[in-house]
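One structure is given here, and the rest of the page talks about it.
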Number of protein chains: 2
Amino acid sequence: MVQPRVGRDLEDLTARARIRDAAIELFADRGAATTIRDIARAAGVSAGLVRHHFGSKDALREACDAFVLDRAMSMKEQVMADGFGNPAFLSAAHPTILLTYRYVARALIDGSAPAAAMFDELVRLGTAWFERHDPEASEDLPALSAVIVAMHTGLVVMHEHLARNLGADVFELAGYLRMSRALIDLYSRPLLDDPTAAAARSSIDKVSEGER
Amino acid sequence: MVQPRVGRDLEDLTARARIRDAAIELFADRGAATTIRDIARAAGVSAGLVRHHFGSKDALREACDAFVLDRAMSMKEQVMADGFGNPAFLSAAHPTILLTYRYVARALIDGSAPAAAMFDELVRLGTAWFERHDPEASEDLPALSAVIVAMHTGLVVMHEHLARNLGADVFELAGYLRMSRALIDLYSRPLLDDPTAAAARSSIDKVSEGER
DNA sequence: GGAGTGGCTGTACGCGTGTATAGCCTGTTG
DNA sequence: CAACAGGCTATACACGCGTACAGCCACTCC
């Protein structure tokens, strides 16, 4: 039988790979609630085959976690090599990378242990980066790093609501650029002036001492 | 029969109110996956009674949404009245307020329409605030506002991972204060210096023009 | 050329879910 | 005191889920 090549490379993949890819896509946006039968349908195979190749739903989940987090870790090393302040961040607009973000963010919500480990690793890396390049950013660099990582993974989780308000999908170029510009503004122009920040800090200190 | 008063006020509430409170608590941290039977168990009633009072699981969900979002909206107006830069933000450490945050953040993930409407409202309010008090914060104030709202709701969603990295629950005072300090640092000390920010912006402009 | 192997399908089973309903128990009303 | 009403429970049912298993089909190897 002639295999029509319609430009979709999904047809070329092993059934096992198609199942994995379909699962990653579905896990990324519906999370753990995704059904084995849904995955099978998306991959164009029977539900039995999913189990045949991966053993169980949990095992499939773990395989997807490993696959995606592997990719994420090598992306991370790429970024580390390039340097942080580098405008190369724009390459993050690549579809596969965006899928990776979505998957990891969703996995964090669903309580995936490997994703949590990656979160922690990112916090460590961020802390180390601050210690080396911007130790004055905060008196509590680990907390600052943790907050930033949480906010950015959270930002990905909220992409649907962000897109609705921007009028553009942040996983497509136009929306991604608009979001990036806003982030640059956020990180380059302080929202709190010095007196306001000082007042806020002293309020916290007061409460803190009251507790002691 | 004598009703022992053990200090827990849950005992005093109507069964209907206990069901609602238990549902809010469970929805807030497990989301839509929460079971009617789990809610019933937490409220100390039978599963049938949940349906008796609320009709269906979806109706219960809507009732909880309405209840919590009502509370959230009045909190919002309180904040608006107090003013934003006000250190009164510390009052946000109140348990009920934190539960409200958690519930709303989780509802956003689970696709609740009322929660999405509130998200949009917050973006509008943020934009208006910037227009009035800090119009230089960005050339694209709606995008900046949307990004900030998304990051902060996302931050709440990631509270578990944040807590693990801080070594303190951010829904208890100590962790909340530590997180708040980090946020103040983030918003008062620019992470990107001017040349870096300018370089990043021009990279985006270049890509943007290439697309046009 | 027959046996074996592995990718793959279809059907079936047990379980937990949301939902429905019949009935109990207590307090109120005529 | 009898009838009623409503908060509440227990049981039952249909459905979709993850899982298990028996078997088909194409291909390879002796």
Side-chain angles (χ1 to χ4, degrees), chain A residues 1-3 9-67 106-107 109-113, chain B residues 1-4 8-67 106-107 109-113:
Chain A
M1 189 192 298
V2 180
Q3 276 279 24
D9 49 352
L10 267 192
E11 311 295 333
D12 302 338
L13 297 174
T14 325
R16 190 174 197 281
R18 265 183 299 145
I19 292 170
R20 195 228 306 121
D21 289 355
I24 289 173
E25 179 64 37
L26 288 174
F27 280 143
D29 64 54
R30 295 188 220 168
T34 308
T35 278
I36 284 194
R37 286 169 174 85
D38 282 344
I39 294 170
R41 198 174 310 122
V45 299
S46 75
L49 191 61
V50 175
R51 186 177 142 73
H52 175 72
H53 278 303
F54 293 92
S56 76
K57 186 185 176 179
D58 279 346
L60 170 59
R61 189 76 210 280
E62 286 165 23
C64 291
D65 276 14
F67 187 85
R106 184 66 201 200
I109 295 174
D110 289 333
S112 149
Chain B
M1 189 190 302
V2 179
Q3 276 279 26
R8 297 184 31 103
D9 48 353
L10 267 190
E11 312 295 332
D12 303 338
L13 296 174
T14 327
R16 189 176 198 282
R18 264 183 299 145
I19 292 171
R20 194 226 309 121
D21 288 354
I24 289 173
E25 180 63 37
L26 288 174
F27 280 143
D29 64 52
R30 295 189 219 168
T34 310
T35 277
I36 284 194
R37 286 171 174 83
D38 282 344
I39 295 170
R41 197 172 312 123
V45 300
S46 75
L49 191 61
V50 175
R51 186 177 142 73
H52 175 72
H53 278 303
F54 292 92
S56 76
K57 186 184 175 179
D58 279 346
L60 170 59
R61 189 77 210 280
E62 286 164 24
C64 290
D65 277 14
F67 187 85
R106 184 66 200 195
I109 294 175
D110 288 333
S112 149

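Fair warning: this is a prediction, and the values are worked out from it, not measured in the lab. Naming convention: chains lettered A, B, ... in sequence-line order (proteins, then strands); numbering from 1 in each chain.
- Ala22(B) and Ala42(B) make their closest contact through CB-CB, 3.9 Å (heavy atoms, listed as atom of the first residue, atom of the second, distance).
- With values rounded to the nearest 0.5 angstrom, Arg106(B) atom CZ is found 8.0 Å from Thr34(B) atom OG1.
- The distance from atom CZ of Arg30(B) to atom C1' of dT17(C) is 14 Å, rounded to the nearest whole Å.
- Here Asp65(A) contributes atom CG and Ile24(A) contributes atom CD1; the two are 9.0 Å apart, rounded to the nearest 0.5 Å.
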Scan nucleotides 6-8 of chain D against the protein and return all N/O pairs shorter than 3.5 Å with their distances rounded to 0.1 Å.
from	atom 1	to	atom 2	distance (Å)
dG7(D)	OP2	His52(B)	NE2	3.3
dC8(D)	OP2	His53(B)	NE2	3.2

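- Atom CZ of Phe54(A) is separated from atom P of dG18(D) by 15 Å (rounded to the nearest Å).
- Arg18(B) and Ala43(B) get closest at one heavy-atom pair: NH1-O, 3.0 Å.
- Following rounding to the nearest Å, Arg41(B) (CZ) and dG18(C) (P) show an atom-to-atom distance of 11 Å.
- In this structure, Ile36(B) and Leu60(B) have side chains that are not in contact, with every pair of non-hydrogen atoms separated by 4.5 Å or more.
- A salt bridge (Lys or Arg N to Asp or Glu O under 4.0 Å) check over residues 40-60 of chain A, counting only residues at least two apart or in different chains, returns the pairs Asp38(A)-Arg41(A).
- Distance CD1/Ile39(B) to CD/Glu25(B): 11.5 Å, rounded to 0.5 Å.
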From CA spacing to verdict: side chain to side chain contact (heavy atoms under 4.5 Å, CB included), Phe54(A), Arg61(A) = CA-CA 9 Å; Phe54(A) 293 92; Arg61(A) 189 76 210 280; over 6 Å; no
Atom pairs, N/O to N/O, protein against nucleotides 19-22 of chain D, distance under 3.5 Å?
from	atom 1	to	atom 2	distance (Å)
dT19(D)	OP2	Lys57(A)	N	2.8
dA20(D)	OP2	Arg51(A)	NH1	2.5
dA20(D)	OP2	Arg51(A)	NH2	2.4

